[in-house]
Structure formats: structure tokens, C-alpha cells
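Along the sequence shown, residues carry numbers from 1. Below, each value reflects all heavy atoms present in this structure, side chains not excepted, and no hydrogens, waters or symmetry copies.
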Amino acid sequence: MSTSVLERVAPPSPRPVWRSTRAAWAVPLGLAALGWALLAVGGVDVAQALRLVLVVVVQVGTGAVLWRLARGPAGLAVSELVGLGTAVGTLLAMLGAQLLLPTPLAPVGWLAPTVLVAAALLVPAVRARLRSGTVVRPGLDELGSVGAGLAIALLYVWSFWRAHPLSFDGWRSYYVDIPYHEALATSLATWGPGDSIFAAGTPVRYHWFVHAWSGTTTDAAGADAFVVLTRVFPLVAFLGILCLVWTWSRRLSAHRAVPALAILLLAVGLNVASVSSITFLQHSLLSPSLGFGALAMLGAAIVLTDLLRGTLRWPYAFLALFAVGCVGGKTSFAAVLGGGIGLLALAGLRDRETRGRALTALAVVGGAVAAAFVVLIMGSGGDLLLEPGSTARAFGLVGGEGRLALLVGSVAVALVFAAKWAGLLALAGGRPVPEFWFALGAVAGGLFLASVMGHPGLSQTYFPISAGVVASVVAAAGLGVALERLPAAILWAAAGVGAAAGLLGLMVVPQRFVWALPYAVWALPVLLAAAVFLVRRRRGPSVAVAAATLGVGLTVAALTAGVSEVVDAARTAPTAAAAPDAPMAWTPEHAEALGWLRENSSADDVVATNRQCSGPGEAAESCGRYRWFLDAALADRRMYVQGADYLAGVPHPDWVQDRIDLSRRFVDAPAARDADALWDAGVRWVVADLASTQNRDWTGFAERAFATDTTVVLRLAPR
């Protein structure tokens, strides 16, 4: 039997002999060239695209050298160097830029890790360690697995780019979070976390690492924040994540099919029978913090595996780094990392071989997460609430009211999310090694938090989505065990039943029956597993075979449903022009006015605006959502207040509402008292959205500095 996750792998011998080739280095060069070509095809200026690629190559190269030094005399796959180089290099470049932001070295702060690594290489012993290993020529399975995942990712990216063009005519409406991320990237790169572009004078309490990285890369390459967030980051993150998935899955199993299965589960596996089609790659495009956090989460998982096997230098330093990356990348990853490392340590108490390392890893991760949470997140105005059953209600999975309905609905939510992790079942029948407990703890933490938390935007679903990044890889290793354990007849039957169940999950049913779909999807694989158990009971152990059968069936169901999502993404028509009164709609005339303001104001000026609502409107009571971020995104200036729903939660604190009311009052009916209040608060400019006010006269209080048919930029008169 080939090596699987159920078998403990011995550390490599001190002087291994690796088959290598210089041709392996052609792969990173080819990837850099491909990235440049994709950016150019995506509408980015070719010279700017080249600068962006060079900046990213320096960051990834720095991380790759550090990982090469940590791994010592070992043969590293190209995917491992690219994946860990991305995870380590981007995180260190961002941290270097933020730490040096208040200093004269701020413009080159992102290069600080590169300079330190270069200085270390001047030491002969360090250079000798770097040369002690080699880069292994990639095999067809590596190229095929990562290449297939990248092709799927590019389909999603292509659809996303069509919906968010770099330039357009007429009216357009981008996804609500895109200008938010763009503005926050500028904010972190310019003022750091101590001041927010959405409310001058307030700190940023948020998982902001991806925005800081985007702003840093924007400044380093002389690019545009929108280009980096929507064009560069998806390519960098997806490639890094896929390489990390391949690397970790290869650590866990020698079965040739496992890395491909892991990549497919992450890229295609759909949470079946859900009214919200939640796929990791698609969500990472709309929420880039999810992709940045996944890099740290997978990096931590690989470090943990190497730590337990004793094949890595400085493992606790890497663990602490990645734990901080999880908190600042996407806080949901910190929660599932804590759950995973906690159960791993608990399960390792009886294993003398791993007990000390597991407990030390728990202490390191716990301390790093707690410290990072206090520094970065504590005090956030987020509106996650303790609300059991909220997710079940939102998915339409509660067939009634009362405690029983909530319990049943919560179970249904667990079934919806866990379908593509079912390969874990195949591992339960043996003697699992720590990675199994790590994945199980992550899953338990993610599902528990999703079942007891609530949020108007379903943000609680990020907990099981984040857990799935870990669980999908270990589940794929379990499928490798199942492929070897199951007879061919049962394997094909499980695949067929799984495909049928996946198609069942895509069915459109009346609303009153939606709650039953998760159970219907699970029913067919469960029936088959029960039949296998009964038939094989007389031949000896049957529980393990039945569990493997169920795991294969449900996994195929998740992949079947996921393939339909890929096809739909490929067939999606370009987004049509938006109506002038549509939420989040804007035109090049809006951009022209805000661009003028950016070029003709000081970086420290504060700007007020009457446009607060997602859609244009005059009366405060008509504003359903305060999610308008365009002025901050395009003017690159700190706003007096904007995007209040994301700024301090819902309902808004009094100080936020006071700023909103003052901004609107001044534009609608300017008065000396309001003008004085704005001036004393540091406001020097006012952007008047003409669709949100009937007033056109600000004589005596502000002068028209620039105007288009949609927007007037006012220079506030000194008081």
C-alpha cells in the first residue's frame, strides 16, 4: 500500500540524493511571463504590468529563499517554493512596509525583508545551507494538478474581470465591496492602521493585511489600487494557494490522485443543496482577505506537518508568523486555526512522540493569535451577533419554529457545508495521525461558529468556508485511502450515486421544500453506505468500508454540483450597464471630478460628502444601506465619514450619525454653524452628489472648484 495520511512518515536521511534539473527554474520564469501576459490581456498597460510582476517576483523570491533555508538539505518541488514563497514573501513585505511607514524609509519598507535576506546570504554558512538542497523537476502529476486548478481559477477571474472593467462609458455598478477594498488599500498604504480613509481620525480595526499589501504593491509599482486588487492579487493568491494545496496534500499522501483531488475540492467543490452557492475561489474574488488569509492558513498547516515530523528549522517562528497572518488576513481563519491546533494538542496527549511539539505549537499559536487580535481587531464595530439558528434561517433550512426546528436546521447547515469534506470519514476507521485531528478541530470550530452566530450579510459563513481550506486537503488524503480500500464495484457505485446526488442538489424546488434538499442530497450516499455495511458485515470489518463509500459518494456530489458552477461562470454574459438610480452606479463623470480632487488637494485634507447611501437619495429615511465608498476610493483622501455600515457596524454609533447628518445638512442647506463645525473638524473640501440634493447654491460658504453633470467639488471657505 502506498504511504497515506494514516501512516507516520519518517524524516529524510541527512544526505538525501535528489534528482533535479535546472529546467525546474524555467517554471517560475514561465509563471511570471504568464502573469504579465494575463495582466496585459486584462487591460493593464504593458509597462505597468511588467513593474507589477517584478515587484511580486521580488516578494515571492524573498519568501522562497527563506523557506529554502528553513528546509535545509531537502529536495523541494517547484510548487512548494512558489507556494511558501508567496505565503511568506507577501506577508513579510506587507509587515515591513507597515512597520517602516512612519519612517523616512517608508517608500522602500516593503524591501526590508529582501535586504535582510540578502545580507544573511553574505555569510558563507548561510550560502552553504542554501546550496545544500535542490529544486526537483516537476512531474506530470504536479504540472497537471496545479495547471488544472489554475485553469478553473482563471475562468472565475475572467468572469470577474468582465464584470469589473478598468474603464467604461455610461453608467456602471461594481460589486459593493470593490471600491471599499480599493479605498482601504490606499488608506493603509498612506496613513497606516492609525487613521481610516472612511472616517478621519479613527483607527482601522479590521483584518486589513490584504489591503496593506495591495496598497504597498500599488505604491512600489507606481500602479493603481484597483488594478492590484482586481487584476494582480487574484492571480498571485490563486497560484500560491493551489501550490500550497499541492504541497500539503503531497506531504499527507503518496497516492498520485490525492493532490489533484485536493485542488479540485478547493477549486470546484460546492456546498451542495444550498440557496447560497458558496465556492472558495469565487468568494476570494469578492473578498480578497479570504485569499490572503488562506495563504497563511495553508502555510501554517504545512509548517505544522513539518514540525511534527522534525523536518524544518525555526518551525515555531513560522507558526507565529502565519498565526498573525490568519488574524490579519481573515479573522475566521484564526478561529479555525485555534480549533484545529487545540484538538490536535488534545489528541496528542497520549502520543509521547508528538505531545511536546503539539503543546508547544498550541502555546505559540494561541499567544500569537491573542496578541494579534488585541492589536488588530479588538474594538472593532463589527456586527456579528450571538444568534443560534441564523444561518439555518437564511438558507431556508428551518422547517418551522421552535428549538427542534433550529436544531434540525443547524444539522442541515452542517450537512450542506460538510459534503465536500466527507473524505474525512475514510480516515476515521484507522489510526489517524495529527493532521486528521487538526482538520476535524477546524471543521468543528467553523461549523459551531456558523451555527450560533448571525450577521446581516451572512459573514458567519466565512467560518466554515475557512475551515474548508484545511478540511478539503485532508479529505482528499482520505479519499486516497478510500481508493485503495474500496473494491472497484463499490467505488464505481459510490461515484454514480454521488453524481446523482449532486444533480439532485441543483434541482429547483418550491420554496416550502427548500429545507429538505440537504437531507435529500445526503440520503442517496447514506443509503448506499448502509447497504454496503449490511452486505459486507458477514465478511469481516465493514464500518471502514461503509465510511469510505459514504465519503466518496458525497465528495462526488460536491464536485458534480461544483462543475455546474464552473460552467455557469464560463457562460456568464458581461454585466450590462446600470441605470442611473441603481445602487452603487457611477459614471466616468464621477471619476473625473474625484480625479480632479485627488490631483488638486493635499494628501492630508479631509473631504465631506452628502452621498452616503448605496443609491442616490435626498432624505435620510430613504437610505436603506450606507455602503457608498466611491469618493474615498477615487479621491484617495480621508473622508469626514463614508460607508458607515462598514465603518462601525449597524446601528451606527451616535458620532457616525452626527457626521452623516452634518455632511448632508451642509450640502442641502448651508449654514454658518455647520460650516464652522466642518472646518474645525479639518474638512477642506465637500463633494456634492447632485442626484442626492436639490440645492445648487453654496455662496458664502464654499466655492465651486470643479463640476460635472453628476458631481460638484466645493472648496470650503476659511472660517
Handout entry: Exam field: side chain Gln642 to backbone Ala632, donor-acceptor pair closer than 3.5 Å
Key = yes
Practice task
Find out whether Phe292 and Leu91 are in side-chain contact, i.e. whether some heavy atom of one side chain is under 4.5 Å from a heavy atom of the other.
Solution key: yes
Completion exercise
Here the gap from Cys326 atom SG to Leu337 atom CG, rounded to the nearest 0.5 Å, amounts to 5.0 Å
Exercise for the section: May I ask you to test the Leu39-Asp45 pair for a side-chain heavy-atom distance under 4.5 Å? Expected result: no
Practice task
Could you tell me whether the side chain of Leu52 reaches within less than 4.5 Å of the side chain of Trp36, counting heavy atoms only?
Solution key: no
Handout entry: Verdict with supporting geometry, Met94 and Trp208, side chain to side chain contact (heavy atoms under 4.5 Å, CB included)
Key = CA-CA 10 Å; Met94 181 278 302; Trp208 46 260; 4.1 Å; yes
Problem - Check: Leu92 and Leu321 side chains under 4.5 Å, non-hydrogen atoms - result: yes
Problem - Within the 6.0 Å centroid threshold, strictly below: Tyr156 and Trp161 - result: no
Exercise for the section: Check whether any side-chain heavy atom of Thr575 lies under 4.5 Å from a side-chain heavy atom of Arg172, and answer yes or no. Expected result: yes
Exercise for the section: Start with the C-alpha distance between Arg638 and Ser196, add both sets of side-chain angles, then the distance that settles side chain to side chain donor-acceptor pair (under 3.5 Å), and finish with yes or no. Expected result: CA-CA 7 Å; Arg638 290 173 301 160; Ser196 172; over 6 Å; no
Handout entry: Tyr646-Tyr206 aromatic ring centre distance below 6.0 Å
Key = no
Exercise for the section: Verify the distance criterion only: is there a donor paired with an acceptor across the side chains of Glu80 and Trp246 at less than 3.5 Å? Expected result: no
Practice task
Could you check Leu81 against Val135 for side chain to side chain contact (heavy atoms under 4.5 Å, CB included), going step by step and ending with a plain yes or no?
Solution key: CA-CA 8 Å; Leu81 274 182; Val135 180; 3.4 Å; yes
Exercise for the section: Find out whether Val126 and Leu69 are in side-chain contact, i.e. whether some heavy atom of one side chain is under 4.5 Å from a heavy atom of the other. Expected result: yes
Exercise for the section: Heavy atoms only: give me the nearest Pro259-Ser249 pair and the separation to one decimal. Expected result: CA-OG, 3.2 Å
Exercise for the section: Find the distance between CG (Leu154) and CG (Leu38) and round it off to the nearest 0.5 Å. Expected result: 6.0 Å
Taking only distance into account, with no hydrogens and no angle test, what donor-acceptor pairs under 3.5 Å do side-chain atoms of residues 229-243 form with protein atoms, sequence neighbours excluded?
unit_1: Thr230; atom_1: OG1; unit_2: Phe226; atom_2: O; d: 2.6
unit_1: Arg231; atom_1: NH1; unit_2: His164; atom_2: O; d: 2.9
unit_1: Arg231; atom_1: NH2; unit_2: His164; atom_2: O; d: 3.1

Completion exercise
When rounded to the nearest 0.5 Å, the distance separating NE2 of His283 from CD1 of Ile465 is 4.5 Å
Practice task
Work out which heavy atom in Val303 is nearest to a heavy atom in Pro315; give both atom names and the distance.
Solution key: CG1-O, 3.4 Å
Practice task
Verify, without hydrogens or angle tests, whether Asp605 (side chain) and Ser601 (backbone) share a donor-acceptor contact under 3.5 angstrom.
Solution key: no
Problem - Heavy-atom closest contact (Val566 atom, Ile152 atom, distance) - result: CG2-CG2, 4.1 Å
Practice task
To the nearest 0.5 angstrom, please state how far the CD atom of Glu142 sits from the CZ atom of Arg256.
Solution key: 11.5 Å
Exercise for the section: Count the heavy atoms of every other residue, nucleotide or ligand shown that sit under 6.0 Å from CZ of Arg129, and state whether that count exceeds 12. Expected result: yes
Exercise for the section: For atom CG of Leu140, decide whether the heavy atoms of other residues, nucleotides or ligands shown that lie under 6.0 angstrom number more than 12. Expected result: no
Practice task
Search all heavy atoms of Arg251 against all heavy atoms of Thr305 and return the closest pair with its distance.
Solution key: CB-CG2, 4.2 Å
Exercise for the section: Mark yes when over 12 heavy atoms from residues, nucleotides or ligands other than Trp191 sit less than 6.0 Å from its CH2; otherwise mark no. Expected result: yes
Handout entry: 4.5 Å side-chain heavy-atom contact, Val136 and Val78
Key = no
Exercise for the section: Using atom types as modelled and distance alone, determine if a side-chain donor or acceptor of Arg313 lies under 3.5 Å from a backbone N or O of Trp67. Expected result: no
Practice task
Identify the two heavy atoms, one from Leu166 and one from Tyr174, that lie closest to each other, and give their separation to 0.1 Å.
Solution key: N-OH, 4.5 Å
Exercise for the section: Test Arg357 against Tyr316 for side chain to side chain contact (heavy atoms under 4.5 Å, CB included), laying out the working first. Expected result: CA-CA 10 Å; Arg357 291 172 178 172; Tyr316 299 114; 4.0 Å; yes
Handout entry: Distance flag, aromatic centroids of Tyr462 and Phe333, threshold under 6.0 Å
Key = no
Practice task
Just say parallel, tilted or perpendicular for the rings of His211 and Tyr180, cut-offs at 30° and 60°.
Solution key: perpendicular
Handout entry: Nearest heavy atoms of Leu304 and Ala361, plus distance in Å
Key = CD1-CB, 4.1 Å
Practice task
Using a strict cut-off of less than 4.0 Å between a Lys/Arg side-chain nitrogen and an Asp/Glu carboxylate oxygen, indicate whether Arg250 and Asp141 qualify as a salt bridge.
Solution key: yes
Problem - Inter-residue atom distance Leu630.CG - Glu182.CD, 0.5 Å rounding - result: 8.0 Å
Handout entry: side chain to side chain donor-acceptor pair (under 3.5 Å) between Gln59 and Thr90, worked out
Key = CA-CA 6 Å; Gln59 295 178 9; Thr90 55; 5.7 Å; no
Tabulate below the donor-acceptor pairs under 3.5 Å that side-chain atoms of residues 108-117 make, not counting sequence neighbours, or state none.
unit_1: Thr114; atom_1: OG1; unit_2: Thr62; atom_2: OG1; d: 2.7

Completion exercise
CG of Leu66 to CG of Leu84, rounded to nearest 0.5 Å, is 10.5 Å
Exercise for the section: Before giving the answer on side chain to side chain contact (heavy atoms under 4.5 Å, CB included), spell out for Leu130 and Leu121 the whole-Å C-alpha distance, their side-chain angles and the decisive distance to 0.1 Å. Expected result: CA-CA 9 Å; Leu130 185 67; Leu121 291 176; 3.9 Å; yes
Problem - Polar contact flag, side-chain donor to acceptor under 3.5 angstrom, Trp248-Glu435 - result: no
Exercise for the section: Check whether any side-chain heavy atom of Leu101 lies under 4.5 Å from a side-chain heavy atom of Leu188, and answer yes or no. Expected result: no
